[in-house]
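Chain letters run A, B, ... following the sequence lines, proteins first, then strands; residues in each count from 1.
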Number of protein chains: 2
Amino acid sequence: MRSRKTSIRDVAARAGVSTATVSNVLSGRKPVNADLCERVLEAARALGYQRNRAASSLRSGRSSVVAVLVPDLTDTFFAAIVSSIEALGHDQGYDVIVASSRDNRRIEESRLAAMLEWHPAGVIAIPCSNTVPESLVQQHQDMPVVLVDRVIASEAPTDTVTLDNADSGEIAARHLVERGHRNILLAATRMDIAAISERVGGASELIVRQTGCAPTVLELTSSLARGTEILSSWLERHPLPDAVLALNNVTTLSALSALAGQRIAIPDRVSLMAFDDYPWMSARRTGLSAVDQPVEAMARAAWDRLLLRMQRRQTTAPRSIVFNARLVVRDSVKELEGKKPVRGSTGVPLAVKSSQPEKTGQPRADDDISVH
Amino acid sequence: MRSRKTSIRDVAARAGVSTATVSNVLSGRKPVNADLCERVLEAARALGYQRNRAASSLRSGRSSVVAVLVPDLTDTFFAAIVSSIEALGHDQGYDVIVASSRDNRRIEESRLAAMLEWHPAGVIAIPCSNTVPESLVQQHQDMPVVLVDRVIASEAPTDTVTLDNADSGEIAARHLVERGHRNILLAATRMDIAAISERVGGASELIVRQTGCAPTVLELTSSLARGTEILSSWLERHPLPDAVLALNNVTTLSALSALAGQRIAIPDRVSLMAFDDYPWMSARRTGLSAVDQPVEAMARAAWDRLLLRMQRRQTTAPRSIVFNARLVVRDSVKELEGKKPVRGSTGVPLAVKSSQPEKTGQPRADDDISVH
DNA sequence: CTGAAAGCGCTAACAG
DNA sequence: CTGTTAGCGCTTTCAG
């Protein structure tokens, strides 16, 4: 059975060299004579040698592990982030250890604690709440940490990668308002998540400013099933709004389900603005108009930032990188006749900030700022 | 900055005991006097001590890492598997390291090699091809390995967890045929993946037997975008079939996209049978009829099996656990008038094997067999 | 039940 | 460029 694994010593013996030489050949950290190199490689191959990373990282004090924490591995957005990080990481020789907090602070701390025992070279985390996990604030001096998505960028002591949430809410709302919608339902998850409340804020403000009507905000939780229930029962008790604006991909799905459950046609009876843009959104006859987040670029930005810190020991001030969402117009938002915006004397949008399309995939220059 | 991490020695010193005692308290492997226990815990807390897993696993020879390999982390099915394993694993104190092969044999081997250097306690892998990765066949004697989904159960030298693929194809096909469909398009990914060709086989056989018409098989690859292209251009050059039968969640999406792209109504102009059952499939007006795989149960079975082997050193014969798919009837398959099946003198289905519904989530008793 | 000491497999320092 | 040696932080004998 499990005979003692062949170690570097066995290889050294077979190749007739010292263990140090073997190590140097295998890790390539110090130059070695081509001859010996060959012999070592040969011996290693013959013995089926496999280096022991635990030993190696223990001795060297370096780690090639990156820890990734997300609230839910089945959420399309988080899965996309993990997938990108995994690819990027492996390309640089890092192994990725993942954990899901299942949207629970307690689990989050416990998962983090477990992962931190590996003394990872860095961690990329999407916290489940606004408060930066205790263990990360404690350790971020000693270990690069990048916080993504659900963070209050200005309050985090670490690098952050986020969306300009308020702006994204505004973009979505503007599209709805410009097409004559006034009575708008905001499908949020939980208002205590900054990303969400900021989107709600951005959308609400614009809606109120332009139409004078305050939107209704519904908290659907982060559970798809629960969200569908909540929205369904709300729909039963209330007159149909002009439009539903979903504030992330889960609420988008909840909205879709609830609406489908009551056979409410989109966009004939209600318009729907989706958040995020995944294949399943556009794979049906009436594709969903959406506010799209540059997920991949965000993942890359997080990775680049982490890599930088992992490579250079120097501690520069934390930086927050902010991305912009992009409007994708498809068929789920109807043009409402005779219901033009009331306020705003001209047809010109009141807010100009993002009327000019930004290149997706590029952090916004003016927001790519250093705080602290 | 990165001051030397506090080690077990610091804790020992502060508590006035030996390092051995600290270790015993912290790991709980040997009983320790309650007094000392308290003191050690106190000291550890005060110093913010964090165990070093690399050192611990190096010395003890035990590992608390489980490696998980999948072909694509953004695929809903694989993401669901990873998510379940992660939860199950963490609950038992295992950390999960993930890698995606991106459906490429070379990457697969390299990812595996990297992960194996951690000497994981076990690995759960969904290979990207039929051939069991070399490194796994080499090491599976020394380290528990469970292969899932894309495996030829009878040929694998390890435990396997699979779907009864032929049967699942049959279930889907039967539903279509019973509703009068004859001209059926099979949307496969690649026929060199056993799981897929078995589904195709099961479906084809039934279709031919019942209707006399051979279905068309289209290989859409495992890329959603590519698949959509391929199917779209096929649709442009061929008369519309009665139905499209998708053989996994990716081809389901490709089919949906291609059909939507050409504004072909489902089920009015073509029926569609989906494979797998995820929220986005039922979130629209015409919900998709589907053949559903008990993903969660499969993940649990894989985990249970792995755990068993990780705990008990004994090597019993590899076991293949086979699950059954379940038919979910919704609205995407139309009842075709005047097009009843031709063969089969009575209305009784020819194949009885799975006419009796099985409990989902339970491995089929008669197939839960040992091979080798 | 507790402590002293050895050493897991590897790499870093240094000496040659 | 190569070998010797020490020791990373921990767990595990084995004495006491």
Side-chain angles (χ1 to χ4, degrees), chain A residues 2-41 43-44 47-65 93 114 116-121 142, chain B residues 2-41 43-44 47-65 93 114 116-121 142:
Chain A
R2 186 185 286 276
S3 51
R4 217 186 77 274
K5 281 279 176 186
T6 66
S7 88
I8 206 175
R9 294 232 291 261
D10 306 309
V11 178
R14 192 177 218 269
V17 296
S18 75
T19 60
T21 304
V22 175
S23 174
N24 288 333
V25 171
L26 266 27
S27 69
R29 296 188 73 80
K30 290 215 168 151
V32 175
N33 179 313
D35 253 22
L36 294 190
C37 221
E38 199 47 57
R39 284 202 346 245
V40 168
L41 257 17
L47 296 173
Y49 170 74
Q50 200 172 41
R51 129 214 253 170
N52 183 327
R53 277 201 119 86
S56 144
S57 106
L58 172 59
R59 177 61 242 240
S60 69
R62 276 184 302 276
S63 166
S64 61
V65 185
L116 290 179
E117 291 190 346
W118 290 104
H119 295 261
D142 302 330
Chain B
R2 188 184 285 278
S3 52
R4 218 186 77 273
K5 282 278 175 188
T6 65
S7 87
I8 206 175
R9 294 231 290 264
D10 305 309
V11 178
R14 193 176 219 270
V17 295
S18 75
T19 59
T21 304
V22 175
S23 174
N24 288 333
V25 171
L26 264 28
S27 69
R29 297 188 73 80
K30 288 211 171 158
V32 174
N33 180 313
D35 253 22
L36 293 191
C37 222
E38 199 45 57
R39 272 179 27 219
V40 168
L41 258 17
L47 296 172
Y49 171 73
Q50 199 171 42
R51 175 221 296 254
N52 181 327
R53 274 199 122 87
S56 143
S57 106
L58 171 59
R59 176 61 241 245
S60 70
R62 278 185 299 275
S63 166
S64 62
V65 185
L116 291 179
E117 291 189 347
W118 289 104
H119 295 261
D142 303 329

Within-4.5 Å side-chain heavy-atom neighbours: A:Asn52 and B:Trp118: no
Side chains of B:Tyr49 and B:Asp10 in contact at under 4.5 Å (non-hydrogen atoms): no
Touch class at under 4.0 angstrom, heavy-atom based, for A:Val22 against every strand present: nothing
Test item: B:Arg14 and B:Leu47 side chains (from C-beta on) under 4.5 Å apart, heavy atoms: yes
Touch class at under 4.0 angstrom, heavy-atom based, for B:Ser60 against every strand present: sugar-phosphate
Side chain of A:Pro31 - closest among D:dC1, D:dG3, D:dC8: D:dC1
Distance test, side-chain N/O of A:Asn24 to OP1/OP2 of D:dT2, below 4.0 Å: no
Gap between atoms CD and C1', on B:Glu117 and C:dG9 respectively (whole Å): 13 Å
Short side-chain N/O contact from B:Arg51 to OP1 or OP2 of D:dT11, under 4.0 Å: yes
Candidate nucleotides D:dT2, C:dG3, D:dT4, ranked by approach to the side chain of B:Ala20 - the nearest: C:dG3
Below 4.0 Å: OP1/OP2 of D:dG3 and any side-chain N or O of A:Thr21: yes
Any B:Arg9 side-chain nitrogen or oxygen under 4.0 Å from OP1 or OP2 of D:dG9: no
Value in whole Å for how far the C1' atom of D:dG3 lies from CZ of A:Arg39: 13 Å
Gap between atom CG of B:Leu41 and atom CG of B:Leu26 - 0.5 Å precision: 6.5 Å
Atom pair distance, as rounded to whole Å: CG in B:Leu58 and C1' in D:dC8: 9 Å
Any A:Thr19 side-chain nitrogen or oxygen under 4.0 Å from OP1 or OP2 of C:dC10: no
Sugar-phosphate, base or nothing in reach of B:Arg53, heavy atoms under 4.0 Å: nothing
5' precedence on DNA chain C between B:Gly16 and A:Ile8 (nearest-nucleotide basis): B:Gly16
Separation of C:dG9 C1' from A:Leu26 CG (nearest whole Å): 13 Å
Short side-chain N/O contact from B:Ser23 to OP1 or OP2 of D:dT11, under 4.0 Å: yes
Atom pair distance, as rounded to whole Å: NZ in B:Lys30 and P in C:dT2: 12 Å
A:Ser18 side-chain N/O to D:dT4 phosphate OP1/OP2 under 4.0 Å: no
Residue pair B:Ser57 / B:Arg62, side-chain donor-acceptor N/O under 3.5 Å: no
Heavy-atom check, side chain of A:His119 versus side chain of B:Gln50, under 4.5 Å: yes
Residue met sooner reading DNA chain C from 5', once B:Arg59 and A:Arg29 are mapped to nucleotides: B:Arg59
Under 4.0 angstrom between B:Asn33 side-chain N/O and C:dT2 OP1 or OP2: yes
Whole angstrom value for the distance that separates P of D:dT2 from CG of A:Leu36: 5 Å
Shortest side-chain distance from B:Ala55, nucleotide among D:dG9, C:dA13, C:dT11: D:dG9
Proximal nucleotide (of C:dA12, C:dC10, C:dA13) relative to the A:Arg62 side chain: C:dA12
